[in-house]
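Reviewing the structure listed below.
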Amino acid sequence: MDLILNLTESIETILKNIYNSDIDKKAISIQKTRIEFEGDFTLVVFPFLKISRKSPEITANEIGNELIKVSYIENFNVIKGFLNITISHKYWIDFLYQSLQNNTFGFTDDPGEKKQVMIEFSSPNTNKPLHLGHIRNNLLGFSIAKILEANGHHVTKVNLVNDRGIHICKSMLAWKKWGKGVTPDKAAKKGDKLVGDYYVLFDKEYKKEVELLINKGISEDKAKVEVPILLEAQDMLRKWEAGDEDIVKLWKTMNNWVYEGFDVTYKNLGIDFDKIYYESETYKKGKSLVLDGLEKKILKKKDDNSVWADLTAHGYDEKILLRSDGTSVYMTQDIGTAFERYKDKKFDKHLYVVGNEQNYHFQVLKLILKKLGYDWYDKLEHVSYGMVELPGGKMKSREGTVVDADDLIDHMKTTAKEMSKELGKLDEVSENEAEVIINRIALGALKYFILKVDPNKNMLFNPDESIDFNGNTGPFIQYTYARIKSLLRKASDKNIVSSAFPKNDIKLAKKEKDLVRLIYEYPAIIKEAGTEYSPAIIANYVYEFAKLYNQFYHDYPVLKEEDQDKMIFRIRLTEMTGRIIESALELLGIGVPERM
RNA sequence: GGUCCAGUAGCUCAGUUGGAUAGAGCAACAGCCUUCUAAGCUGUGGGUCCCAGGUUCGAAUCCUGGCUGGAUCACCA
């Protein structure tokens, strides 16, 4: 039975007995005792004053005198209106041993809680390589998926590749014009990078042509839409939609180059998907659903043949769903994709991990699906997150102010390698092992840096001050783990069997108790991270945990402790700490090194 | 202009279901390696929690108004 729940019930009963009056359970607020006071948990007694009709101090003492009769409560003290409760050492020790028995401590496996969850993340365009913004998206999506699994759900990770549209035609056209048949192999370049280069080339040429037209006296607005190269790209898109063989062939070839490039990046990042949806395969479904809606008069057609959803009654604007030439827009394919996915999985929940710039889009998507009569519309949820900004502001691919995902990962690896060498950390391990460790550290630093920030908030990335390896960082936590592993290896060399229990009662030091209390919190942390869709909650928890363990490690001997019972307890505490660090980092998609 | 999000130390961020003297890391300075890994530990300095009202025994947290920054309201995705 959960300790806090138990405490709450005891307090409820006590209040009833001594004051003869019921109190709302919500008024019983139990929190962690602040570090500077004696005790484990604190009850705030102010809400009870109106039934006790006594001063805060007296009320707290009266409750404390009853509470101390409960077996696992050892002591209490009162400071102003705060009743600090001390849980017995024996309770905490027993708790540690119980949690050691449980291999998935902190995870939920209640079948009643299990839901089918689909989670979409990454959602790249096929005209340019992945950048730092995608990294935040990918890491968040992947971690949230893991957290939801830890909460007992069945999770399907899906990607939506935006593989059709004018943007890919731009790359294709530029490649046709200036590529001279180059391929990723010939250029010795990742496919996504190569295609991205031609996208940039298109943009350069486009700007040049716009300027030419303006110089000829054409207005800027007009010039922008009448540029020959743009018209050519649009023509290409029409041909693609009409199924022109050559165009489709080129489209397939170039997209495949990009996918191969993406796969490398995904693999380096350590993320994967269960299923990939392609916009080119779902937009037609969206189109037909829109036409259905039109037939049922849910949607309306304007004079120019464009199709619209009128959302003004709901406080939104009108939203276009089919252009006047009958082609579909972003929203159209999202309607189709959602429909296909519901057909595939009958999900209880569908999460879209997409940046906050699309908050409006997803509100409108839900509303349109509702209007179209799909009662599962409210199973869709937008997991919105803030942008990654550079010191100069937003990243813009066209202005070259993007931080490329591959470059960043490489840079992290180089830095990790240099630092390991400098510190002489990996002199004694094989080259292969060293590389595995360095990769883990590099990615650990990057992932933790990004995931520790509350997803709601924009975050700043300064490329000049590269990501740290000291302090509140991934490597700090990984280092704590490596130390723990080293210590446990030594314990096992000494034949101190890990399943041992102390024979006699021991008294716990403050930091030992604090560590156990943090272990106790882990299940609640996983739950909270699951309901909030926030890996940051896990990240901040595991940091606090590692920090406290390092203090303990510094202050107390473990293997050199002379009291056998204390030594055994400390080894077991160390073991559990290692397990929680490993488990928590795993939820963030971060691997742990056995040594570093 | 409407809507949404954010504003906490020089910088990057925690803390927000109202609770005690607002916390970390980085940066600066000063210490700790003949003891289980110094990518560690300890200490010093650093705050108008954007502002003004309000609710409350109690507000960084809730309410109202304002200020600042970002996003969005496209026949772009």
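Quick caveat: nothing in here was measured; it's all calculated off a predicted structure. No hydrogens, no waters, no symmetry mates; every other heavy atom, side chains included, goes into these values. Letters go in sequence order (proteins before strands), and every chain restarts at 1.
Residue side chain Thr473(A) does not reach the base of A39(B) through any donor-acceptor N/O pair under 3.5 Å, judged by distance alone. For Lys26(A) against U17(B), a side-chain-to-base donor-acceptor contact under 3.5 Å is absent.
Across all strands shown, A28(B) pairs with U44(B); the Watson-Crick or G-U wobble distances both stay below 3.5 Å. In this structure, C49(B) forms no base pair with any nucleotide, since neither Watson-Crick nor G-U wobble geometry is met with both distances under 3.5 Å. Pairing of U16(B), defined by two Watson-Crick or G-U wobble distances under 3.5 Å, is not identified with any nucleotide. Using the Watson-Crick or G-U wobble rule with both distances under 3.5 Å, U3(B) pairs with A71(B).
Within the 4.0 angstrom heavy-atom criterion, base atoms lie near Asn84(A). Within the 4.0 angstrom heavy-atom criterion, no nucleotide atom of any strand lies near Asp555(A). Tyr556(A) comes within 4.0 angstrom of a nucleotide base, judged by non-hydrogen atoms across all strands. When heavy atoms are screened at a 4.0 angstrom cut-off, Phe37(A) is found touching base atoms of the nucleic acid. Within the nucleic acid shown, Ile441(A) comes within 4.0 Å of at least one base atom, counting heavy atoms only. Phe469(A) comes within 4.0 angstrom of a nucleotide base, judged by non-hydrogen atoms across all strands.
Applying the 5.5 angstrom centroid cut-off and the 30 degree plane-angle cut-off, the aromatic ring of Phe46(A) is not stacked upon the base of G58(B). Judged by ring centres under 5.5 Å apart and planes tilted less than 30 degrees, Phe82(A) fails to stack against the six-membered base ring of G19(B).
For Pro47(A), taking side-chain heavy atoms from C-beta onward, the closest of the listed nucleotides C26(B), A20(B), G19(B) is G19(B). In the set U21(B), A74(B), A77(B), the nucleotide with an atom closest to the side chain of Asp317(A) is A74(B). The listed nucleotides are G40(B), A77(B), A20(B); the one nearest the side chain of Glu279(A) is A77(B). Residue Arg595(A) places its side chain closer to U37(B) than to any other of U37(B), A20(B), C41(B). Listed nucleotides: U42(B), U72(B), U37(B). Nearest to the side chain of Glu357(A): U72(B). In the set C41(B), A39(B), A20(B), A20(B) carries the atom at the smallest distance from any side-chain atom of Thr42(A). In this structure, of C73(B), G25(B), C41(B), it is C41(B) that holds the atom nearest to the side chain of Asn550(A). Here A39(B) is the nucleotide among A39(B), A14(B), G40(B) with the atom lying nearest to any side-chain atom of Ser420(A). Closest to the side chain of Tyr479(A), from the set C36(B), A20(B), U37(B), is U37(B). Of the candidates A77(B), C41(B), A14(B), C41(B) carries the atom nearest the Lys547(A) side chain, counting heavy atoms from C-beta on.
Contact between the side-chain N/O atoms of Arg323(A) and the OP1/OP2 oxygens of A77(B) is found at a separation under 4.0 Å. Proximity of Asn472(A) to the phosphate of A14(B): no side-chain N or O atom is located under 4.0 Å from OP1 or OP2. The phosphate of A38(B) has neither OP1 nor OP2 within less than 4.0 Å of any side-chain N or O from Lys425(A). For C36(B), neither phosphate oxygen OP1 nor OP2 lies less than 4.0 angstrom from any side-chain nitrogen or oxygen of Tyr553(A). Applying the 4.0 Å criterion to OP1 and OP2 of A39(B), one finds that Arg483(A) has every side-chain N and O outside that range. At C36(B), none of the side-chain N or O atoms of Ser486(A) fall inside 4.0 Å of OP1 or OP2 (strictly under the cut-off).
Taking the nucleotide of RNA chain B with the nearest heavy atom to each of Gln31(A) and Lys560(A), the more 5' of the two is matched to Gln31(A). Judged by closest nucleotide on RNA chain B, Met419(A) is the one of His167(A) and Met419(A) placed further toward the 5' end.
With C1' as the reference atom, G46(B) and U3(B) are 39 Å apart, rounded to whole Å. The same atom, C1', is picked in A14(B) and in C49(B); the two are 13 Å apart, to the nearest Å. Look at the P atom in both C67(B) and A28(B): the space between them is 40 Å, to the nearest Å. Here, U61(B) and A52(B) have their P atoms 12 Å apart, quoted to the whole Å. On the P atoms, C51(B) is 15 Å away from U68(B), given to the nearest whole Å. The same atom, P, is picked in G43(B) and in C26(B); the two are 14 Å apart, to the nearest Å. Rounded to a whole angstrom, the distance from the P atom of C41(B) to that of G2(B) is 49 Å. For U48(B) and U8(B), the C1' atoms lie 11 Å apart once the distance is rounded to whole Å.
At most 12 non-hydrogen atoms from other residues, nucleotides or ligands lie less than 6.0 angstrom from CD of Glu220(A). Within a 6.0 Å radius of NZ in Lys421(A), other residues, nucleotides and ligands contribute 12 heavy atoms or fewer.
Inspection of the Asn127(A) and Ser171(A) side chains reveals no N or O donor paired with an N or O acceptor under 3.5 Å. If you check the side chains of Ser122(A) and Asn138(A), you find a donor sitting under 3.5 Å from an acceptor. Tyr541(A) and Glu521(A) are not linked by any side-chain donor-acceptor pair at a separation below 3.5 angstrom, with hydrogens and angles left out of the test. Thr574(A) and Tyr549(A) form a side-chain donor-acceptor contact under 3.5 Å, judged by distance and modelled atom types alone. With hydrogens and angles left out, the side-chain atoms of Thr480(A) and Asn550(A) include a donor and acceptor closer than 3.5 Å.
Proximity of the aromatic rings of Tyr479(A) and Phe469(A) is defined here by a centroid distance below 6.0 angstrom, and this criterion is not met. Ring pair Tyr19(A)/Phe48(A): centre-to-centre distance not below 6.0 Å.
Between Lys452(A) and Tyr543(A) there is no side-chain heavy-atom pair separated by less than 4.5 Å. Side-chain atoms of Ile368(A) and Leu321(A), non-hydrogen and from C-beta on, do get closer than 4.5 Å to each other.
For the contact set between residues 324-334 of chain A and RNA chain B, defined by any heavy atom under 4.0 Å, the members are Ser324(A), Val329(A), Tyr330(A).
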Heteroatom pairs (N/O) under 3.5 angstrom, protein to nucleotides 3-12 of chain B:
residue	atom	partner	partner atom	Å
G7(B)	OP1	Lys457(A)	NZ	3.1

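A syn base is found at C33(B): its glycosidic angle is within 90° of 0.
With Tyr385(A) as the aromatic partner, Arg136(A) does not meet the cation-pi criteria of under 6.0 angstrom to the ring centre and within 45 degrees of the ring axis.
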Practice item. Starting from the C-alpha separation in whole Å, work towards a yes-or-no answer on side chain to side chain contact (heavy atoms under 4.5 Å, CB included) for Ile467(A) and Thr415(A). Key: CA-CA 9 Å; Ile467(A) 297 173; Thr415(A) 313; over 6 Å; no
Exercise for review: Verify side-chain hydrogen bond (donor to acceptor under 3.5 Å, both in side chains) between Ser324(A) and Asn305(A), making sure each step is shown before the conclusion.
Suggested key: CA-CA 5 Å; Ser324(A) 45; Asn305(A) 275 332; over 6 Å; no
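Put simply, CZ on Arg570(A) is 19 Å from P on U35(B), counting in whole angstrom units.
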